[in-house]
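Here's the structure, in structure tokens; my notes come after.
When a ligand or atom number is given, it counts from 1 through the structure's own listing order. These figures come from a predicted structure and were not determined experimentally.
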Amino acid sequence: MNTSSDRVRVAIDGPSGAGKSTVAKRVAEAIGADYIDTGAMYRAVALKLLRDGVDPASDIDGLVDLLSHTDINFTQGNVMLDGEDVTSMIRSPDVTAMASRCSAFAPVREKLVGLQRKMGDAKSVVMDGRDIGTNVFPDAEYKFYLTASTEERARRRYAEMTEAGGVADYREVLDAIKKRDYDDAHRSLNPLQRADYAILIDTDGMGIEEVITKILSYMGNTD
Ligand code: DC
């Protein structure tokens with residue numbers, strides 16, 4: 001096990017569609033750390049709420065009870081919810097909307113932030129999300145804030161959806177991103193914001209390789 005002196009925590013925050021997950025995964029590979037997709041953890045809770053028919057807005061006791069017997073971890077990059085691999089189930093529009101909603105509730109954040117801190121205490125991690133540099137690891141060794149214009153992020157999301165064989169409407173994708181940006185940045189608990197000293201990378205017009213190289217060079221890893 002790593003000691004605190006040789007483990008590294010890398011925080012990569014930013015709005016949805018900024019390319020965080022692809023970049024964070026590759027940076028983790030490059031430095032030999034675990035990649036933790038914290039958005040996937042909120043999505044897993046959202047999936048369980050939907051399955052169990054618990055609406056956090058009207059049933060806070062039900063939410064607390066559900067969280068008390070919820071286990072989320074990552075096994076070989078897959079998201080495990082109570083032992084079940086839910087990786088492919090947590091990307092639907094319903095789960096996306098519920099993940100954004102449920103992330104505003106204190107019991108959800110307390111539970112997931114607690115799990116995330118444990119993961120980062122145990123070993124080196126590259127964690128992406130909205131509040132990693134501001135709240136989960138304010139003392140992270142490296143902090144980055146990745147962003148891109150709303151239109152660029154909507155174009156990327158639209159391309160992802162149509163390339164995967166789905167049907168998508170660019171205008172709807174753009175409106176959904178704007179709504180999520182607003183909700184993520186305006187909730188009272190740990191809203192999306194750039195952490196102090198986080199290095200800002202605007203990925204408009206940048207390729208993934210360029211972003212990864214930039215991050216690794218900031219970290220002094222130029223291989
Ligand atoms: O990154 P994502 O789209 O998979 O995240 C899903 C939702 O989870 C997002 O709308 C906001 C929430 N989230 C959060 O509140 N805090 C994080 N650290 C990560 C995600």
Side-chain angles (χ1 to χ4, degrees), residues 9-25 27-28 34-50 56-57 63 67 70 72-74 77-81 86-120 125-138 140 143-148 150 152-154 156-158 160-161 164 173-195 198 203:
R9 283 106 15 112
V10 182
I12 302 186
D13 289 303
S16 59
K20 299 185 302 290
S21 58
T22 312
V23 167
K25 209 177 289 171
V27 170
D34 276 6
Y35 163 57
I36 310 289
D37 173 357
T38 63
M41 299 171 75
Y42 289 89
R43 287 170 180 274
V45 169
L47 176 66
K48 186 157 172 173
L49 287 167
L50 290 169
L63 172 67
L67 290 169
T70 295
I72 297 168
N73 61 59
F74 294 87
N78 295 328
V79 191
M80 308 300 290
L81 169 65
V86 294
T87 313
S88 60
M89 283 167 237
I90 56 171
R91 302 285 154 193
S92 72
D94 284 358
V95 172
T96 302
M98 179 56 102
S100 183
R101 274 185 66 206
C102 80
S103 68
F105 288 85
V108 175
R109 301 207 74 81
E110 276 162 24
K111 164 103 188 179
L112 297 187
V113 170
L115 288 174
Q116 290 153 14
R117 288 190 179 138
K118 261 194 209 148
M119 293 172 182
V125 290
V126 178
M127 215 173 254
D128 80 6
R130 306 293 191 285
D131 65 334
I132 312 305
T134 53
N135 175 48
V136 180
F137 294 123
K143 297 184 191 181
F144 298 92
Y145 189 87
L146 247 60
T147 189
T150 326
E152 171 74 21
R153 290 184 287 120
R156 290 178 192 164
R157 182 78 193 110
Y158 174 80
E160 248 173 49
M161 291 164 91
V173 174
L174 179 67
D175 288 346
I177 285 195
K178 282 185 182 162
K179 175 169 177 4
R180 215 137 71 85
D181 280 358
Y182 184 88
D183 291 346
D184 289 348
H186 289 83
R187 62 166 182 250
S188 57
L189 291 171
N190 319 131
L192 170 66
Q193 59 186 61
R194 182 178 163 194
T203 69

Polar atom proximity, Ser16 to ligand 1 (N or O, under 3.5 Å): no
Ring-face cation contact, Phe137 with Arg9, 6.0 Å cut, 45° max: yes
Structural part of Ser103 in contact with ligand 1, heavy atom criterion under 4.0 angstrom: side chain
Electrostatic pair Glu152-Arg156, nearest N-O below 4.0 angstrom: yes
Polar contact flag, side-chain donor to acceptor under 3.5 angstrom, Thr70-Lys48: yes
Validation row: Leu192, Pro15 side chains within 4.5 angstrom (heavy atoms): yes
Backbone of Arg180 reached by a side-chain donor or acceptor of Ser100 within 3.5 Å: no
Atom 19 (C) of ligand 1: the protein heavy-atom neighbour that sits closest, reported with distance to 0.1 Å: Thr38 OG1, 3.4 Å
Shortest protein contact, atom 8 (O) of ligand 1 (heavy atom only): Tyr42 CB, 3.4 Å
Pair Asn190, Arg130: side-chain N/O donor-acceptor within cut-off below 3.5 Å: no
Contact check, Met41 vs ligand 1, heavy-atom distance below 4.0 Å: no
Distance filter under 4.0 Å to Gly129 heavy atoms, resulting ligand 1 atoms: 18 (N), 19 (C)
Ligand-residue contact atoms, ligand 1 with Asp131, heavy atoms, under 4.0 Å: 16 (N), 17 (C), 18 (N)
Donor-acceptor under 3.5 Å (Arg157 side chain, Met161 main chain): no
Protein contact to atom 4 (O) of ligand 1 [nearest heavy atom, distance to 0.1 Å]: Arg43 NE, 2.6 Å
For Asp184, the ligand 1 atoms whose distance to one of its heavy atoms is below 4.0 Å: 9 (C), 10 (O), 11 (C)
Closest to atom 15 (O) of ligand 1 (judged by heavy-atom distance), picking from Arg180, Arg130, Arg109, Gln116: Arg109
